[in-house]
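Read through the structure below, which is laid out as structure tokens, and then see the notes.
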Amino acid sequence: MSSKSSGSAQLRSLKIMGEDVWKNRTEKVNAELFTLTYGSIVSQLCIDYQRDFQKVNKQLFSMGYNIGVRLIEDFLAKTALPRCENMVKTSEAISKCAFKIFLNMTPQVTNFSPEKDAFSLIIDENPLSDFVELPMDAMKQLWYSNILCGVLKGALQMVQLECDVWFISDVLKGDAHTELRIKLNKVLKDEIPIGED
Amino acid sequence: MAIYSFWIFDRHCNCIFDREWTLSSNSSSGTVNSKQNEETAKLLYGMVFSLRSMTQKVSSGPLKNEIKSIATGKYRIHVYCTASGLQFVLITDFKQQSYTEVLQYIYSHIYVKYVAHNLFSAYDFADNKNETRGQGFRKIANRNFVQSLESFLSPMIVQ
Amino acid sequence: MPQAVLVINKSGGLIYHRDFEEVEVEVEDRNKPSSNDLLILASTLHSTFAIASQLTPKAIQLQQQPLPNLVPYVPMIDPDNLVPRKKLGSFKGDDYFKEPFQNWNKSGIRSIKTDQFTVYIYQSLTGLKLVAMVSNRSDTINETVVNNLLRRIYCLYSDYVMKDPFYSLEMPIKSELFDTKLRNLVKQL
């Protein structure tokens with residue numbers, strides 16, 4: 001009982017921290033500019049790869065990966081969060097702090113696997129895909145926000161969590177909601193001995 | 001203020017004495033010169049030695065710059081080096097900043113009195129003059145030394 | 001005012017080094033360590049850092065009591081009164097952070113004290129180590145103050161080094177912006 005209440009207290013404090021950092025400690029940029037920039041990246045990639053959407057997906061993922069490995073330092077510098085002991089805590093930190101600080105949204109965490117090493121993030125309003133409608137051929141194959149998968153994979157890798165991240169469904173493809181799945185493969189133990197994992 | 005262990009290293013890089021207190025509440029717990037601590041002794045000596053040579057390279061000025069203490073998140077290591085190549089090492093908790101006087105006292109009153117001045121005990125604990133590889137060396141087994149060390153440090157073990 | 005700041009990457013290689021010397025030091029006596037010496041220093045620190053966690057005495061292992069780990073917050077003072085609303089990169093407000101924080105470094109080396117100076121190490125969750133060498137002459141500088149300073153340097157790093165698209169990870173830092181900002185930050189100590 002006491003651990004449950006301390007768990008919810010921790011959740012609340014993560015939420016408060018995320019909101020505090022978002023409101024008071026980050027410089028902001030115009031959201032339309034952001035959406036338009038991302039949109040132009042995706043459409044240019046489609047043109048460059050001659051509408052081979054598998055390649056575009058891959059390229060978006062690797063771009064996201066490069067962003068993620070650098071963004072994690074920014075996240076840690078702003079929040080100084082201690083190491084998460086398990087994936088439950090990690091999922092809360094990702095949804096309540098990280099997404100809040102960088103994209104001003106809090107995706108819902110659901111669908112935990114029985115071993116608690118995989119979970120889904122349900123995104124209600126995706127700022128990357130405001131005003132976007134996919135053409136018919138792209139609808140079948142393109143994961144528009146695939147950059148997010150890359151960012152999460154890169155960032156988690158830098159804190160020694162080797163994960164697989166992929167989209168399950170996307171409203172742009174006609175599905176009911178946008179769902180992202182994160183699965184922990186292993187913890188990279190060749191880490192610097194500073195604390196327990 | 002809790003002391004966890006005490007070590008003495010000679011100039012041949014060997015550990016010639018070690019005393020570990022495993023239960024900080026009980027001053028007669030722990031081991032003296034145990035074989036299990038040999039690996040730890042080597043690691044400890046290696047760490048102190050490399051940090052010492054590194055700080056001496058970086059230091060400026062004519063005065064010798066000796067390493068005094070190394071702190072981690074869990075414990076603190078205090079080192080006292082003598083000009084004869086002996087190193088007295090104490091691993092403690094964080095309550096006290098400096099144990100230099102303690103280590104100096106141990107050197108000047110306990111070690112010098114019972115080991116150096118004792119004509120029956122070796123002054124150089126290696127088996128032969130050319131010993132360098134940590135194979136043939138003895139440990140201090142002098143009863144008077146151990147006894148006086150215990151009586152000096154025991155009051156400090158209690159948390 | 002630290003004497004020097006070093007940044008060591010995950011694999012133990014030195015990627016940044018800066019000396020901050022006060023003017024009164026006699027130049028003749030100081031034998032400046034060569035760049036090779038510094039590389040050796042960095043890798044020595046990196047490896048002894050790892051050894052230190054293996055040397056945890058048995059008494060602590062048996063105790064299993066979590067030790068206090070919180071670093072209290074120390075605000076930045078501004079003696080020269082530089083531009084009142086200085087821009088702190090992507091950090092809004094007048095300081096990088098305003099609350100006490102958990103020290104990520106639990107069982108690695110935190111500080112090495114010698115006769116002349118003390119070396120403080122701050123490690124991030126990603127394995128990056130920030131090292132500050134502070135002379136023992138000043139009384140006001142203690143571990144808390146230096147940890148706050150090193151966290152601020154980490155914030156600068158996350159801004160000016162990580163966000164530079166032309167910077168490859170784990171490589172030596174050549175960014176002048178980072179250099180300038182760091183010097184300004186250190187002056188304010």
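A note on names: the letters A, B, ... follow the listed sequences, proteins ahead of strands, and every chain is numbered from 1.
With respect to chain B, the highest number of heavy-atom pairs below 4.5 Å among C:Thr118, C:Leu41, C:Ile40 belongs to C:Leu41. Ranked by heavy-atom pairs under 4.5 Å with chain C, the first of B:Ser5, B:Ala71, B:Gly46 is B:Ala71. Chain B forms more heavy-atom pairs under 4.5 Å with one residue of C:Thr44, C:Val119, C:Ile121 than with any other, namely C:Thr44. Between chain C and the residues B:Val48, B:Leu44, B:Thr72, the most heavy-atom pairs under 4.5 angstrom are made by B:Thr72.
Here C:Ile51 contributes atom CD1 and B:Ser50 contributes atom OG; the two are 6.0 Å apart, rounded to the nearest 0.5 Å. In this structure, NZ on B:Lys74 lies 9.5 Å from CZ on C:Arg110, to the nearest 0.5 angstrom. We find the CG-OG1 distance between B:Leu51 and C:Thr48 to be 4.0 Å, quoted to the nearest 0.5 Å. In this structure, OG on C:Ser47 lies 10.5 Å from CE on B:Met47, to the nearest 0.5 angstrom. In this structure, CG in C:Asn36 is found 8.5 Å from NZ in B:Lys57, a value given to the nearest 0.5 Å.
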Quick one, B:Lys68 with C:Asp115, criterion side-chain contact (heavy atoms from CB on, under 4.5 Å). Give me CA distance, side-chain angles, the key distance, then yes/no. CA-CA 7 Å; B:Lys68 284 272 171 329; C:Asp115 288 328; 2.6 Å; yes

May I have the step-by-step check of side-chain contact (heavy atoms from CB on, under 4.5 Å) for C:Leu45 and B:Met54, ending in yes or no? CA-CA 9 Å; C:Leu45 273 177; B:Met54 182 198 83; 4.1 Å; yes

Would B:Val58 and C:Leu38 count as a side-chain contact (heavy atoms from CB on, under 4.5 Å) if you check the C-alpha gap in whole Å, the side-chain angles of each, and the deciding distance to 0.1 Å? CA-CA 8 Å; B:Val58 181; C:Leu38 287 167; 5.5 Å; no

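Residues B:Asn65 and C:Gln116 form a side-chain contact, since some pair of their non-hydrogen atoms from C-beta on lies under 4.5 Å apart. With a 4.5 Å cut-off on side-chain heavy atoms, C:Phe117 and B:Thr55 count as touching.
With a 4.5 Å cut-off on non-hydrogen atoms, B:Leu43 touches chain C through its backbone and its side chain both.
Heavy-atom contacts from other residues, nucleotides or ligands closer than 6.0 Å to CZ of B:Phe49 number 12 or fewer. Surrounding CD of B:Glu101 are more than 12 heavy atoms belonging to other residues, nucleotides or ligands, all under 6.0 Å away.
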